[in-house]
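To start, the structure under review is shown below, and the notes come after it.
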Number of protein chains: 2
Amino acid sequence: MLSAIMEDYLKAIYYLQGETDERVRTSTLAEHMGVEQPSVTSMVKKLAKRDFVHYEPYKGVVLTDTGIPVALEIIRHHRLLERYLTERLEYDWAEVHDEADRLEHHISNQFADRIAEQLGNPAVDPHGDPIPTADLDVSPPQSGETLADQQVGDKVRIERVPDNDPDLLRYLSEHGITPTTVVEIVETTSFGMVTLDPDGTDERVALPEEVARSITAQTLTGASN
Amino acid sequence: MLSAIMEDYLKAIYYLQGETDERVRTSTLAEHMGVEQPSVTSMVKKLAKRDFVHYEPYKGVVLTDTGIPVALEIIRHHRLLERYLTERLEYDWAEVHDEADRLEHHISNQFADRIAEQLGNPAVDPHGDPIPTADLDVSPPQSGETLADQQVGDKVRIERVPDNDPDLLRYLSEHGITPTTVVEIVETTSFGMVTLDPDGTDERVALPEEVARSITAQTLTGASN
DNA sequence: TTATAAACTTAGTCCCGTCTAATTTCGCTC
DNA sequence: GAGCGAAATTAGACGGGACTAAGTTTATAA
Ligand SMILES: [Mn+2]
Ligand SMILES: [Mn+2]
Ligand SMILES: [Mn+2]
Ligand SMILES: [Mn+2]
């Protein structure tokens, strides 16, 4: 009916168009999928012919109302699998992404619903990303803020971390940083380094600003308090 | 590395060549895979070039020592998944086959080992088929006998049932026939009907001889006792 | 307003796994 | 050992998804 590859394209388009429904450019999609641009052009034409995306040559693509639920279904599968693997099959949160990225295309909705039930219908995956419900409602991001937006002295609660970099995930969990962790910003430098103090420990954790910008967090108290 | 389709061919060849290492003919394989003969010829050439099978034109194929472990790995995945789905995710034994037949190609060995561990390394799947161990040892069939080989009055213990016919599986479980069930043969007819009495109940269960021949069973006591 | 670089699409090729139609080989009977 | 039907193979095509090379379009900036 719809190949695993096509599903990955739809998922990527969903992710890249973000909240703002921006058109996703061929080059962006090519970069993200790890293929050359002509492969993308050829694929988006097929997706457009089957009405999963609006495609305007030279302008990019946007998901249609047909495409969105397909993307959300796959995302639901992915995040439920990640949660199930970590909670029930003793996977480390750094390992789950690749396994989930394959299996998401091959489990039935029944399978997804069963593991959701086993887990008590969790709202978020191990990286803090929201899990769409069975009828594909997805909660909006709690805040748009990232660790890079903070001032020295701010205390913030980590919301979500990127899920596709095992090394980073291992580093973060080794230093006690996971979603719901509270950290204080202890230093920011002009050359792009952010230093954190997790939870009231004395440990310092340093992150490049680009990484800090990929971690979202909710402000608890400002430096002014 | 090896496509899901190729894995299914190898699994089919393993199944069809059976214990006896008979050559599997193109037509048999085509029938079993639900494809036309030229598709099989073309595929077995590819498998032969990659040394998974010995192929002799017009004579058929046999798995090589390279091909056998690949087939066994997939069979291990399949049967572990069936067991996991029935035991942990509330699937009915009639439903598990199709889900397992897809997922078997996409779970990692790590995933398989984890669910095996969760289940306590079971020896058989829900249909009574042996599950190869992590190092791919597979126990030989307990006996070669089937329900069609029995005499009236014999008591036998059901060993394994075919796993790919949901209607049959539903029928059997509704009438209390599963692996390890003990049944008595109460009637066999010249026109190919076998009637059973499960376990000491008064219920009669009738099966066509062809179906009876697909169910293996171990003789407990003969009519002469 | 036009030149130029970057982005994008088109054209053509390849491998995969399937198909139909045509041909060859096998195995058996006479 | 010739003939014949069944089984298998070869030939050629197609859709999926990728690639490289070549040609367009767009955006930008002189
Ligand atoms: Mn994927
Ligand atoms: Mn995740
Ligand atoms: Mn399969
Ligand atoms: Mn089975």
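Below, chains carry the letters A, B, ... as their sequence lines are ordered, and counting in each starts from 1. What you see below is based on every heavy atom in this structure, not just the backbone, and it leaves out hydrogens, waters and symmetry mates.
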Does A:Arg88 reach the main-chain N or O of A:Ile115 with its side chain, forming a donor-acceptor pair under 3.5 Å?
no
Could you walk me through whether A:Val124 and A:Arg83 pass the side chain to side chain contact (heavy atoms under 4.5 Å, CB included) check?
CA-CA 8 Å; A:Val124 295; A:Arg83 185 79 187 239; 4.1 Å; yes
More than 12 non-hydrogen atoms from neighbouring residues, nucleotides or ligands closer than 6.0 Å to CG on A:Asp65, yes or no?
no
Donor-acceptor side-chain pairing of B:Thr26 and B:Gln37 below 3.5 angstrom
no
Does A:Arg213 pair with A:Glu209 as a salt bridge, N-O distance under 4.0 Å?
yes
Runs of at least three Watson-Crick or G-U pairs with DNA chain D, cut-off 3.5 Å:
C:1-30 with D:1-30
Atom pair distance, as rounded to whole Å: CZ in B:Arg23 and P in C:dG27:
12 Å
Does atom CD of A:Glu31 have more than 12 heavy-atom neighbours from other groups under 6.0 Å away?
no
Per-nt protein contacts along nucleotides 7-19 of chain D (heavy atom under 4.0 Å; B base, S backbone sugar-phosphate only, - none) come out as SBBB-----SBSB
Salt bridge A:Asp113-A:Arg76, side-chain N to carboxylate O under 4.0 Å:
yes
Expected output: side-chain A:His175 to main-chain A:Tyr171 donor-acceptor under 3.5 Å
yes
Within this structure, what is the CG-to-P distance between A:Leu29 and C:dT9, rounded to whole angstrom?
11 Å
